[in-house]
Amino acid sequence: MTIHNSEIADKLNRLANLLEIEGANPFRIRAYRNAARIIGNLSKDVSDLVAQGENLCDLPGIGQDLSEKITTLAQTGELPLLTQIEARTPAILNDLMKIEGLGPKRIQVIYKKLGIKSINDLRSAIGKGRLRRLHGFGEKTEQKILQGIEHLTEYGQRIKLAEIIPVVESLTRYLKNNQAVKEIECAGSFRRRKETVGDLDILVSAKENKTVIEHFVKYGEIADIISEGSTRAAVHLRSGIQVDLRVVSPGSFGAALLYFTGSKEHNIAIRKIAVQKNLKINEYGIFKGEKELGGRTEEEIYKQIGLSYIEPELREDRGEIAAARKKQLPKLITLNDIRGDLHCHTTATNGTASLEAMAKAAEEFGHEYLAITDHSEHLSVAHGLDKKGLLTQIKAIDKLNSKLKKLVILKSIDVDILEDGSLDMPDSILKELDLTVCSIHNLFNLPLKKQTERIIRAMDNPCFNILSHPTGRLINKRQPYAIDIERIIHAAKERGCILELNAQPDRLDLNDIYCKLAKDIGARLAISTDAHSPSQFAYMQFGIYQARRGWLEKADVVNTRPLKELMKILKR
DNA sequence: GCCGTTTTCGGCCCGACTGTTTTCAGTCG
């Protein structure tokens, strides 16, 4: 049995929670949480590192003790300290930590005094009025906890980035109606363009705070107000999303933006650097004693602590600070760098628009080239094309190309990788195409080795160009299939194959961490929309966001190249 | 529990809001 990084991180987090409930040293708890984050963000499997005899102490934030604990965990699947603590503090208390308004101290009290262990226990205790009899608990706290339980059971999941955009747009439009508002930005994980967001953090600079807050809490979509003060307020929208508003003076906008954008780990790291330089960073600015050295812009603050400006997408404490210090940050790719799209579908299979309509939309989007990649026969639910169907499409593309002025249509296919690693179309036909996009669309549950070798065997075919949605995950819906991604990236590099970053908002596959791994290994990537309708070409933006989070630059992505150069790359 | 061109011991980011209590602890970001 191999234990995955996410499971190791989960166990460390659970241990940290229980320790916190027991009242352990807060810095020790932080060390465990920090280690959980480091492991969770790692692109390589800890189990592999351990098997190779690597010393985990080399990882930042992991010392001798944690290294030994994690090694044991990777080897045996057990974390003895966790087992030991669970013997006296029930593991189920972890569930209570997820409830808004309930932290370790209160959980400790309700467990010790009332024997409450689960959310159900808690609900019934509140119903019987047992909670409000405890010292430090009152009626309002009770109501808040009840609301927290309700909110948790109703809206457990984070929301996909694409789904939150209209919410942000209408809210910011509303806030701008207030005369006092000068600048406005949606910060938080939204600004870092994370694939999902948990809540919204809106930052406003204004001449006067009070009227902005008053205006905010009157927004028509608000279900309830969580808190309302003189500089910040928090609400739930009717959709369940929490929105935090923070208002600062224009002179502090940069400092507040930095603070509110996060990530928390990035903030802690840069504030630590400030402390080392005898400076202090807070949401109002950067200070030497009483003297303010900056705060109007984020750049000012980074500069004061000797760092070049760090793009929001990189602020995850994954090496960006060291890179900023050495002036070695990547020049991140932008939407403008993209020249074409290498994956889309038409009505020939499961797209909603004709070849002509897709071509027109791609041209209007500004593309120089577009690959038409309908499904192959094996994917019967999508009415995949057989040999004859593909040959018909090839002819139609030739005809259309002779009419098009600005755009070139590339002949292609989204061909299934079959169980034995062969492609679902004879090579003799694949050779007629400009490129191939190859996908796994069935047998998601093969064992890791088998699935990995299925893909690598497919790449051995010289007709293989792009591996589409390489891990197969669907955000909030389906786990990635079991594959050795590092081996696949190496195999792609050796064979001149390309890895796709599929820009569909529920795929974003490869994810940010694997994009960076591919870049570090030196494999090429393509950012493609997999558009099934004309409007979906706009999904390219989401691919770009994810690519930027993965440190990708223009040169790492093949569809930033002019057509001629691209064709050379596709020759393998 | 981690970490070190001030330190191998003594620090560890910083502030706002709420509820309950009467000066502050707990929670959150």
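Here is how names work: the chains are called A, B, and so on, in the same order as the sequence lines, proteins then strands, and each is numbered from 1.
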Checklist line | Value in whole Å for how far the P atom of B/dC2 lies from CD1 of A/I39 | finding: 12 Å

Next item on the list: Write down the distance between CG (A/L19) and P (B/dG1), rounded to a whole number of angstrom.
Entry: 8 Å

Next item on the list: With DNA chain B as reference, determine whether A/F137 or A/P104 sits nearer its 5' end, using the nearest nucleotide of each.
Entry: A/F137

Next item on the list: Quickly, which of A/R548, A/K519, A/K331 forms a salt bridge (Lys or Arg N to Asp or Glu O under 4.0 Å) with A/E553? Name it, please.
Entry: A/K519

Check: Tell me, for nucleotides 7-18 of chain B in 5' to 3' order, what letter each nucleotide earns: B for a base near a protein heavy atom under 4.0 Å, S for only sugar-phosphate near one, - for neither?
Finding: -----BBBSSSS

Margin query: Measuring only the C1' atom in each nucleotide, how far is B/dT21 from B/dG26? A whole number of Å is fine.
Written below: 13 Å

Margin query: Would you measure the distance from the P atom in B/dG1 across to the matching atom in B/dT5 and give it in whole Å?
Written below: 23 Å

Margin query: At 4.0 Å (heavy atoms only), tell me whether A/I29 reaches a base, stays on the sugar-phosphate, or touches nothing.
Written below: nothing

Item checked: side chain to side chain contact (heavy atoms under 4.5 Å, CB included) partners for A/P104, two or more places apart -> A/E20, A/I21, A/M97

Note to self: Mind checking if A/I270 touches a base, just sugar-phosphate, or nothing, with heavy atoms under 4.0 Å?
What the structure shows: nothing

Notebook entry, point to check: How far does the C1' atom of B/dC13 sit from the matching atom of B/dG29, given to the nearest Å?
Noted result: 12 Å

Next item on the list: May I have the distance from A/E265 (atom CD) to B/dG29 (atom P), rounded to whole angstrom?
Entry: 13 Å

Next item on the list: Take atom NE2 of A/H151 and atom P of B/dC28, then tell me their distance rounded to the nearest Å.
Entry: 13 Å

Next item on the list: Sequence neighbours left out, what pairs pass salt bridge (charged side-chain N to carboxylate O under 4.0 Å, His left out) with at least one residue falling in residues 195-206 of chain A?
Entry: A/E195-A/R473

Notebook entry, point to check: Just checking, any donor-acceptor pair under 3.5 angstrom between side chains of A/Y219 and A/S170?
Noted result: yes

Check: Pairs in or reaching into residues 260-273 of chain A: which pass side-chain hydrogen bond (donor to acceptor under 3.5 Å, both in side chains), with residues at least two apart or in two chains?
Finding: A/R191-A/T261, A/S263-A/E265, A/H266-A/Y302, A/H266-A/E320

Margin query: Over all strands shown, is A/I99 touching base, sugar-phosphate only, or nothing at heavy-atom distances under 4.0 angstrom?
Written below: sugar-phosphate

Checklist line | Atom P, compared across B/dT6 and B/dC2: separation rounded to whole Å | finding: 23 Å

Item checked: For atom CD of A/Q143 and atom C1' of B/dG19, their distance in whole Å -> 14 Å

Notebook entry, point to check: Mind checking who B/dC9 pairs with, Watson-Crick or G-U wobble, both distances under 3.5 Å?
Noted result: B/dG4

Margin query: I'd like the C1' distance from B/dT20 over to B/dT27, given in whole Å.
Written below: 14 Å

Next item on the list: Kindly write out the residues that satisfy side chain to side chain contact (heavy atoms under 4.5 Å, CB included) with A/N25, not counting sequence neighbours, or none if the list is empty.
Entry: A/F27, A/R28

Next item on the list: Assign A/E68 to base, sugar-phosphate, or nothing according to its heavy-atom contacts below 4.0 angstrom with the strands shown.
Entry: nothing

Check: To the nearest angstrom, how far is A/L131 atom CG from B/dT20 atom P?
Finding: 11 Å

Next item on the list: Find the distance A/M97:CE to B/dC28:P and express it as a whole number of Å.
Entry: 8 Å

Margin query: According to ring-ring contact (aromatic ring centres under 6.0 Å, His included), who are the partners of A/H236, at least two apart in sequence or on a separate chain?
Written below: A/H151

Checklist line | Pairwise C1' distance for B/dT18 and B/dG10, with rounding to whole Å | finding: 33 Å

Note to self: If you assign A/D244 and A/K69 each to the DNA chain B nucleotide with the nearest heavy atom, which residue ends up on the more 5' nucleotide?
What the structure shows: A/K69

Item checked: pair A/I241-A/V197: side-chain heavy atoms closer than 4.5 Å -> no

Item checked: B/dC12 to B/dC17 separation - C1' atoms, rounded to the nearest Å -> 25 Å

Next item on the list: May I have the distance from A/I202 (atom CD1) to B/dG29 (atom P), rounded to whole angstrom?
Entry: 15 Å

Checklist line | N or O in side chain of A/Q242 less than 4.0 angstrom from B/dC28 OP1/OP2 | finding: no

